[in-house]
2 protein chains.
Amino acid sequence: MVDPKEKHLPEARGIYSEFLKKNKMFFTKERTQLLDFIFEQKGHFSADELMFEMQKADVKVSRATLYRSLSQMVEAGILSESDFGHGHTHYEIAIGNKPHVHLICTDSGDVREVYSQKLEDALNDLARKEGFKIKRYKIQVFGVSKGSRKQASKL
Amino acid sequence: MVDPKEKHLPEARGIYSEFLKKNKMFFTKERTQLLDFIFEQKGHFSADELMFEMQKADVKVSRATLYRSLSQMVEAGILSESDFGHGHTHYEIAIGNKPHVHLICTDSGDVREVYSQKLEDALNDLARKEGFKIKRYKIQVFGVSKGSRKQASKL
DNA sequence: CTGGTTGCAAACGATTTGCACCCGC
DNA sequence: GCGGGTGCAAATCGTTTGCAACCAG
């Protein structure tokens, strides 16, 4: 569940390229670098983490461009955003990655992603019944994962 | 689905009171006023909307206290938070309100809440299987509701 | 060339915090 | 009276934006 990303980079390039063309925008060096770099990330990442990683990797793109590009990629459907209540947005690659559930452990801060067909079915049912056309969704489940149980701050 | 809230105010008072006591905090005039005022709200509301409504209603509580109290009430389980991607947090009364799905229309900005037992079952299944103890969850579904279809900005 | 793009630094907006005075218990 | 609480204004912090110089097609 880690590698599939690399094989989706070409697809992402195509999608991004189309998206840009459609909006009369250019596939600049920065956007190319960013897309490539993002597809080397594992799991979710924040804008800040990306900035940090890029500096280490000598990929020089400004914060402004980073944010601008991230938005475009989300709009293009290449990335998806999540809010884990950590005060900043998390991104992850959406291509080749089915929508899933985030299990957020409030003890350890750990985030695990799981997929459930049953859940997806239930959602689709619901949407159909409500006359709602789903574009995308986010499911965040906060709780405690078995392996965690940090020192108590509660009770 | 609107009125049940009023009948939960006493319960909320009890919960808040206990929560405060447990944390060596006082049930001050401001916190009382806020709790009461919040239980007059319908659906979800933002901190800003609350501020505005409170001014109209001559409830004088500072923004700082508002935020501080909202956090407490969330922690106490009286309120729940949601992020609809509007750039600020939305709150809603959690007591006597089953966890539900938010259908967020990206055309009209409308947010509808719906409940699905099937979905809840699927979630519980999933959690059991993963050894995860659910405390609370948020499900946001972005899409287009039948009745909307604003002027196109998307082909 | 021309219009989109970048980086910088300043601007933003929601939320948080330091502090001096105030109040619940 | 004591320890927590409040309001104010300033500080935070992630993200956005105005602008002048800079590239892609």
Side-chain angles (χ1 to χ4, degrees), chain A residues 13 16-38 44-55 58-76 79-92 109, chain B residues 13 16-38 44-55 58-76 79-92 109:
Chain A
R13 282 217 189 89
Y16 198 18
S17 167
E18 252 182 74
F19 172 85
L20 292 171
K21 198 168 301 174
K22 183 162 33 180
N23 291 287
K24 297 185 221 290
M25 298 161 109
F26 304 149
F27 210 145
T28 63
K29 171 166 60 76
E30 286 80 0
R31 305 217 250 240
T32 309
Q33 284 185 137
L34 265 174
L35 187 66
D36 288 5
F37 193 78
I38 283 172
H44 11 76
F45 48 87
S46 64
D48 235 47
E49 284 161 8
L50 259 192
M51 266 321 269
F52 184 68
E53 292 300 323
M54 288 199 298
Q55 292 182 329
D58 250 318
V59 177
K60 290 177 199 323
V61 175
S62 70
R63 211 178 278 290
T65 297
L66 207 217
Y67 277 109
R68 287 187 275 236
S69 304
L70 286 173
S71 304
Q72 296 157 9
M73 294 181 197
V74 168
E75 210 188 322
L79 298 180
S80 67
E81 298 173 310
S82 310
D83 172 21
F84 299 152
H86 294 350
H88 52 259
T89 304
H90 283 257
Y91 299 87
E92 64 191 308
Chain B
R13 283 216 189 89
Y16 198 18
S17 166
E18 251 182 75
F19 172 85
L20 292 171
K21 198 167 302 174
K22 183 163 31 183
N23 292 287
K24 296 187 221 292
M25 299 161 109
F26 304 150
F27 210 145
T28 63
K29 171 164 62 74
E30 286 81 359
R31 306 217 248 238
T32 309
Q33 284 184 140
L34 265 174
L35 186 66
D36 288 6
F37 193 78
I38 282 173
H44 10 76
F45 49 87
S46 64
D48 234 47
E49 284 161 7
L50 258 192
M51 266 320 269
F52 185 67
E53 292 300 322
M54 288 199 299
Q55 292 182 331
D58 250 320
V59 177
K60 291 178 199 322
V61 174
S62 72
R63 212 177 223 75
T65 298
L66 207 216
Y67 277 109
R68 287 188 273 236
S69 304
L70 286 174
S71 304
Q72 295 156 9
M73 294 181 197
V74 168
E75 210 189 321
L79 298 180
S80 67
E81 298 174 310
S82 312
D83 171 20
F84 300 152
H86 295 348
H88 51 258
T89 304
H90 284 258
Y91 299 86
E92 64 190 305

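First the proteins, then the strands, lettered A, B, ... as listed; each starts at 1. Note that the structure is predicted; figures quoted are calculated from it, not measured.
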Taking salt bridge (Lys or Arg N to Asp or Glu O under 4.0 Å) as the test, write out the residues that go with Lys60(B), two or more places apart. Asp58(B)

Could you tell me whether the phosphate oxygens of dT15(C), OP1 or OP2, come under 4.0 Å of any side-chain nitrogen or oxygen in Tyr67(B)? yes

Quick one: list whatever passes salt bridge (Lys or Arg N to Asp or Glu O under 4.0 Å) with Glu49(A), sequence neighbours left out. none

Is Ser46(A) near enough to dG14(D) that one of its side-chain N or O atoms lies under 4.0 angstrom from OP1 or OP2? no

Asp48(A) CG - dT12(D) P separation (whole Å): 16 Å

Rounded to the nearest angstrom, tell me the gap between atom NE2 in His86(B) and atom P in dC12(C). 23 Å

Sorted by chain and number, sequence neighbours left out, side chain to side chain contact (heavy atoms under 4.5 Å, CB included) with Thr32(A) holds for Phe27(A), Asp36(A)

For Val59(A), what residues pass the side chain to side chain contact (heavy atoms under 4.5 Å, CB included) criterion, not counting sequence neighbours? Gln33(A), Phe37(A), Met54(A), Ala57(A), Val61(A)

Nearest-Å distance, CZ (Phe27(A)) to P (dC23(D))? 18 Å

Roughly, in whole Å, what's the span from CD in Glu81(A) to C1' in dG14(D)? 13 Å

From CG of Leu66(A) over to C1' of dG7(C), roughly how many Å is that when rounded to an integer? 13 Å

Not counting sequence neighbours, which residues clear salt bridge (Lys or Arg N to Asp or Glu O under 4.0 Å) with Glu18(A)? List them please. none

Is the ring pair His90(A)/His88(A) parallel, tilted or perpendicular, if the boundaries are 30 and 60 degrees? tilted

Review item, nucleotides 1-6 of chain D N/O atoms under 3.5 Å of protein N/O:
{"unit_1": "dG5(D)", "atom_1": "OP1", "unit_2": "Arg31(B)", "atom_2": "NH2", "d": "2.1"}
{"unit_1": "dT6(D)", "atom_1": "OP1", "unit_2": "Thr28(B)", "atom_2": "OG1", "d": "2.7"}
{"unit_1": "dT6(D)", "atom_1": "OP2", "unit_2": "Arg31(B)", "atom_2": "NH1", "d": "3.4"}

